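Have a look at the structure below before the remarks.
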2 protein chains.
Amino acid sequence: MGNENFVFERYLISKGLKLTKPRKIILNTVFATHEHFNVDGLYDKIRKKHKDVSRATIYRTIPLLVESSLIKQSLRCLAKDHYEHTYGHSRHLHLICEKCGKIIEVESKEAESILNKLAKKHDFKIREFNIGAKGICNKCQKK
Amino acid sequence: MGNENFVFERYLISKGLKLTKPRKIILNTVFATHEHFNVDGLYDKIRKKHKDVSRATIYRTIPLLVESSLIKQSLRCLAKDHYEHTYGHSRHLHLICEKCGKIIEVESKEAESILNKLAKKHDFKIREFNIGAKGICNKCQKK
DNA sequence: ACTATTTTGAGACTCATTCTCAATTTTATC
DNA sequence: GATAAAATTGAGAATGAGTCTCAAAATAGT
Ligand SMILES: [Mn+2]
Ligand SMILES: [Mn+2]
Ligand SMILES: [Zn+2]
Ligand SMILES: [Zn+2]
């Protein structure tokens, strides 16, 4: 268990918001594993233990987690919005298989530094990288 | 005017499909300019001249244009699906301003070759690159 | 012209996300 | 620890981009 609670609470206080029970439950469930997630999956997981947390609150809490830099949107090319931890994870890019859905995570220092360079040239301030590709994984190629 | 018509017709024939009037109108409107587009904008533009092309047909034709490699989906991080020409355009990445919506296009040989290298290492066959960033453009930074 | 096949427009439908609002919870004040 | 003001919540309605359905229209082969 990291200190996401600390980070989140500090953020909430700075905005005059409160670390309520539902927000705590959502935060803890989000950080119970390190996988990519979407709202539906998160909702099911939360509901197994806490029958009283609503979809609406999940949808309302996620932007707060994003704003506090604990998570970020990722896998932008899928149908539903997906998210992943920012806190405690190094930068990486995704190779997504269009056949089986497999997601390969790859370290991306080089790619990002190039993007940084290009952004600098255009005096553009990057807030969120979006680097990756869709295609066919090795297993699916052999079919 | 390029020969997108040729490319499209060849693709359609290869699939046993026909280059009908609505499909021609859609193709020509898509290639009348070189900008990114989404279905709503395209629909409005088409409707100014042709009151008889439906949204449904536009939604049905776009995958055909994608399949024939004339266009591809892009700007994956926006709310609506956006597309841009593949035919007649070199590869590039996008820096998208979250304040004003400005889109900066940047040549990306380096970034892509790095992604290609990483994909090769994982024996992953890339079909579509997705490289870019969101942030704040230089004008919007000065506010 | 006749028929089989494809395509189309209109609008119904889906489903992820956002919004609304009354009820509940939280914090501040006494 | 009651009381009141403010923030948050759950339930479900609303939204809206994209998909699907189906009867009518266009097309191609005979
Ligand atoms: Mn993690
Ligand atoms: Mn073009
Ligand atoms: Zn695969
Ligand atoms: Zn801007």
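All chains are named by letter (A, B, ...) in the order of the sequence lines, taking the proteins before the strands, and each is independently numbered beginning at 1. The structure displayed is predicted, hence computed values, not measured ones.
- Heavy-atom nearest nucleotides on DNA chain D were determined for A/G16 and for B/K80, and the one closer to the 5' end corresponds to A/G16.
- Taking only side-chain atoms of A/K18, from C-beta outward, the nucleotide of C/dT7, D/dT8, D/dT9 with the closest atom is D/dT8.
- Between B/T57 and A/L19, the residue anchored closer to the 5' end of DNA chain C is B/T57, taking for each the nucleotide with the nearest heavy atom.
- Look at NZ on A/K24: it is 16 Å from C1' on D/dT9, rounded to the nearest Å.
- Aromatic ring orientation, B/H92 versus B/H94: perpendicular (interplanar angle above 60°, classes split at 30° and 60°).
- Among the atoms of the strands shown, none is found under 4.0 Å from any heavy atom of A/N38.
- The separation between B/L78 atom CG and D/dG18 atom C1' is 16 Å, rounded to whole Å.
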- Decide yes or no on side-chain contact (heavy atoms from CB on, under 4.5 Å) for B/R127 and A/I136, but give the supporting numbers first. CA-CA 8 Å; B/R127 194 193 53 79; A/I136 311 292; over 6 Å; no
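- Ring geometry for B/H89 against B/H34 counts as tilted: the plane angle lies between 30° and 60°, on a 0 to 90° scale.
- Among the protein residues, A/R60 comes within range of the nucleic acid bases, having at least one heavy atom under 4.0 Å from a base atom.
- Rounded to whole Å, atom P of C/dT7 lies 17 Å from atom CD1 of B/I58.
- Taking atom CZ of B/R23 as the reference point, atom C1' of D/dA25 lies 14 Å away to the nearest angstrom.
- The side chain of B/Y59 contributes no N or O atom lying less than 4.0 Å from OP1 or OP2 of D/dT19.
- Across the protein-nucleic acid pair, A/Y43 atom OH and C/dT17 atom C1' stand 15 Å apart, rounded to whole Å.
- Partners of A/F37 under the ring-ring contact (aromatic ring centres under 6.0 Å, His included) rule, at least two apart in sequence or in another chain, are A/Y83.
- Atom C1' of nucleotide D/dA7 and atom CG of A/L12 are separated by 12 Å, given to the nearest angstrom.
- Checked against D/dA11, C/dT26, D/dA17, the side chain of A/A56 finds its nearest nucleotide in D/dA11.
- Between A/K21 atom NZ and C/dT27 atom C1' there is a gap of 15 Å when expressed in whole angstrom units.
- Checked against D/dA7, D/dT9, D/dA17, the side chain of B/D40 finds its nearest nucleotide in D/dA17.
- Applying the 4.0 Å criterion to OP1 and OP2 of D/dA26, one finds that B/T20 has every side-chain N and O outside that range.
- Protein atom CD1 of A/I13 is 10 Å distant from nucleotide atom P of C/dT27, rounded to whole Å.
- Distance from the side chain of A/S54 is smallest to D/dA11 among D/dT19, D/dA11, D/dA7.
- Considering only side-chain N and O atoms, A/R55 lies nowhere under 4.0 angstrom from the phosphate OP1 or OP2 of D/dT9.
- For A/K72 and A/E128, the salt-bridge test fails: no basic side-chain N is under 4.0 Å from an acidic carboxylate O.
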